[in-house]
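Chain letters run A, B, ... following the sequence lines, proteins first, then strands; residues in each count from 1. Remember, it's a predicted structure, so these values are computed and weren't measured experimentally.
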Amino acid sequence: MVSSSDRVHTETSHNMAQRSITSFFKKTPFTPMEIKSNGGSKVSHVNGDTSPISDEKDKPSERQQSNSIDNDGDSQDSLKPKNKAKRQRVISSSSESESPVKVKKEDLSDNDDSITLNKSVNKTYDSPKNKKAKIKKEIKSPSPKKGAKSLSRDEVKENSLKLKIVGSKEKDNIVKNTEHIDNIENESEEIQKVAENAYNPSKSKYHPIKDACWSKGEPVPYLALAKTLDLIEGTSARLKIIEILSNFYRSVMVLTSEDLLPCIYLCLNQLAPAYHSLELGIAETYLMKAIGQCTGRTLAQVKSAVQKCGDMGRVAEQARAAQKTMFAAPKLQIRKVFAALKEIAHMTGQASVNKKINKIQSLYVACRDCEARFLIRSLEGKLRIGLAEQSVLHALALAVATTPPGPNLQLDAAQHMSADKFKALVEQHVAVVRRTYCECPDWAELLHELLRGGVAALASRCSMRVGVPLRPMLAHPTRAVRDVLARFENEEFTCEYKYDGERAQIHVPAAPDDKPDFANAAIFSRNQENNTAKYPDVLSRLPTLLKEGVSSCVLDCEAVAFDAANGKLLPFQVLSSRKRACASAEDVRVPVCVFVFDLLYLNGAPLVGSTLAHRRKLLREHFCTQPGTWQFATSKDCSTIEEVQLFLEEAVKESCEGLMVKMLTGDNSKYDIARRSHNWLKLKKDYLEGVGDTVDAVIIGAYRGKGKRAGVYGGFLVACYDPESEQFQSLCKLGTGFSDEDLQILSDMLKEHIIDSPRNYYNYDSSHSADVWTSAAVVVEVRCADLSLSPAHRAAIARLHPHKGVSLRFPRFVRVREDKAAEQATTAAQVAQLYLAQDQIKNQVKQPDAAHEDDFY
DNA sequence: GTCGTGCGTTTCC
DNA sequence: GTCCGACGCATTCGG
DNA sequence: CCGAATGCGTCGGACGGAAACGCACGAC
């Protein structure tokens, strides 16, 4: 490894390493020598530091001055000639073998050329929803609610109109003989099928057979899904989204029910239940490569187009549209697309990446219309249309309420009952479907039972069982201790330490002899991944946890790295260095202590419907603890603010993140994820106003935003200042905490500070190379939860570790410090000081032996 | 062919 | 993980 | 009394650091 002391940063392909520090003195407007330490500048904002500046709550009002919403955030590129245009549409796929070095060179030099080239091809994409939001702001309707509603309707109409126009334009693409005779019982009439391009599941009084664009028994065309997703993308009203999707599902159920599962998976970007651990293994970079190869562009060209547009799906769609197709590929079918994705996920071993890319290309070239957009986004892993799990569940419930599966075909149940009655029916179905999914997050199983026996049979046939992970209860952040009381007023509640580890849901099934079957026990993560192989040590000592009489159970726990020698909890960073799969308990390098805090199932009976008080009682009765291996989460049943406050401080001192606050009795203490998934409160020091670490950092670079952040910068590289080495050392990237307005302001602000290449006194890792570099001018206040030693960031490098700097955990933007100049930012020494001041670091037992030295030399 | 390194992806928080 | 924005729903406010 | 305003919870999607892991690729 290159020692970074002799070089400002280790980016070898950049040429700036040659530039000497002296050149910096000539170029920069401010000279580090001139810095006057501002009256003994102290560490900024440590634990409620009350410097007069930091206390000024000058937030939005002042910033409004520089607000210019109209700006397109198009920064430096707007200066460039715009008429070079469409040159590179010429299909020339000759540039195959790009060595990584070559690619890098292109990356660096493309700044002027390819971006301009792509400019007119890929305009910054302003999503329909963004547009809508803007319109909404402009129109100050006396009745915003109604205004919004009618607006969305109009827009949907407009959208579908456009669709029709497009459809007629591309008449040649429309398959003309789409007339079929459908033999479904009471539908004896001849049904003329809708052309695929005109498929419109958002129309009112949607008829699942007549309005579909395929016939009974036929595989569902991928274009039907793409059209549905396209409509949804243009809609922001959630209920409307659900209606559109449910209409599509109704058609699938009635015509081709076996395609419903792939349809749902494609809507969710999922391949299988999480605990099957099936992943695509393909993301942004390889996708861009695939698109480039298909459309005769270099990786750098695609990259800059994606940056410009903020959406790879759109880029892929436009690139595909611009291409002439040599021969018509067969139409994509949903089941085939989904099967192909699964196939890609299963490819492993040598040359698998290329095989995956080839497979993607074969799909991509067969894309028509907007299919490419959604195919590519599926592969990216996010649809970005405002549709996710909860809406899919709702849509499915609405679909089965409207068109119930079963022998007696009924196409629109709503017709036969009052609106209120139907609404109640839907609500009930939604509740059942959601609950079922929470207890058994397996779409295959859920759909199988749903299509077979309908909603009525779902609850009984498909419910919680040992071995299938259930969705865990999550917690809401709380900004003040008094908010806890506000929420839990007059209720019994308890506070537990919030341990800084990894969620572990432990399942122990019963053997036929009614003893616990430890051999088949399993451990699942917060996201239902199967972590059984990760914790052989925990599994091996499971027998010490269960008391006599326990035959089966499901436990909710937190696994925390543990220093057995000193009986101390270790930071999350230590825990995360555990191998993901470990053969046996002896091979485990990082021991853990498991903190059990809930019991969800005991001896054949689910407890999710019991109160926490009851579950906790059973937990304490039936399970053993042993310091350092199995412990119950430290808890205290508080009733006053003062008690909570004190307990919080205690928790933090003992290397915990804070507190979890939970209701003990009543309906709200049940483990009912379907009804409310964030039913607990979390209380952390860094949420509290005026408490927690804050740093004033300098923006030295920016990254172009994607999706809803297209057109502005979506993130920034920020640094601390080190007067001794005269460097700005990267501290972290900053990507959350700003309002849309903040982002606009920052983007405008930075325009005048953009520089061609990073200063040679910027110390950063090449992995953090910014899209746009800026001179060190804008100072921002950044809040974080922790400071950690970083392999990639350089703040306070060599002060705590020879080649590791410090970075921030969970960094978020607080405000612009317009009152501060770059040289007044938090210094490297102060960052180091903040790092060392952390309770968790102070708690660490200093090793007098070589272990410490080991790290150093 | 083997080994180490770099890069990309996924999964925790 | 944090955070923001939009939506939907219930409750309160005001003419 | 009814519509408007307000408050709150949910949902979805921007974005963060760090580590493991698996494949690609160059050095030997």
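Cation-pi check for A:Lys733 over A:Tyr703 is met; the charged atom lies under 6.0 angstrom from the ring centroid and within 45 degrees of its normal.
Distance CG (A:Leu268) to P (D:dG13): 11 Å, rounded to an integer number of Å. Rounded to an integer number of Å, the gap from A:Glu233 CD to C:dA6 P is 17 Å. A:Ile385 has its CD1 atom 16 Å from the C1' atom of C:dC7, to the nearest Å. A:Arg812 has its CZ atom 10 Å from the C1' atom of D:dG16, to the nearest Å. At whole-Å resolution of the value, CZ in A:Arg675 and P in D:dG9 are 13 Å apart. The distance between atom CD of A:Gln505 and atom C1' of B:dC12, rounded to the nearest whole Å, is 16 Å. Between A:Arg526 atom CZ and B:dT10 atom P there is a gap of 19 Å when expressed in whole angstrom units.
For A:His793 and A:Ser730, the side-chain atoms include at least one donor-acceptor pair closer than 3.5 Å.
A 6.0 Å sphere centred on CZ of A:Arg479 holds more than 12 heavy atoms belonging to other residues, nucleotides or ligands.
Here the shortest heavy-atom pairing between A:Cys267 and A:Leu383 reads O-CD2, 3.2 Å.
A donor and an acceptor atom sit less than 3.5 Å apart, one in the side chain of A:Arg238 and one in the base of D:dT10.
Note on A:Ala792: nothing from the nucleic acid sits closer than 4.0 angstrom, heavy atoms only. A:Lys382 comes within contact range of no nucleotide atom at all, as no heavy-atom separation falls under 4.0 Å. At a threshold of 4.0 angstrom between heavy atoms, the contacts of A:Lys534 with the nucleic acid are absent. Residue-level contact check: A:Tyr687 touches the backbone only, with heavy atoms under 4.0 Å from sugar-phosphate atoms and none from bases. Backbone-only engagement by A:Ala581 is indicated by non-hydrogen atom pairs under 4.0 Å involving sugar-phosphate atoms exclusively.
Comparing D:dA18, B:dC12, D:dA24 by their closest approach to the side chain of A:Val353 singles out D:dA24. Of the listed nucleotides (D:dG13, C:dT2, D:dC11), C:dT2 has the atom at the smallest distance from the side chain of A:Lys682. Out of B:dT9, B:dT10, D:dA19, the shortest distance to the side chain of A:Gln573 is found at D:dA19. Checking C:dC4, D:dC23, B:dC13 against every side-chain atom of A:Ser739, the shortest atom distance belongs to C:dC4.
Checked by atom type and distance alone, the side chain of A:Thr694 never pairs as donor or acceptor with a backbone atom of A:Val782 at under 3.5 Å.
Between A:Lys579 and D:dA19, a side-chain N or O to OP1/OP2 separation shorter than 4.0 Å is absent.
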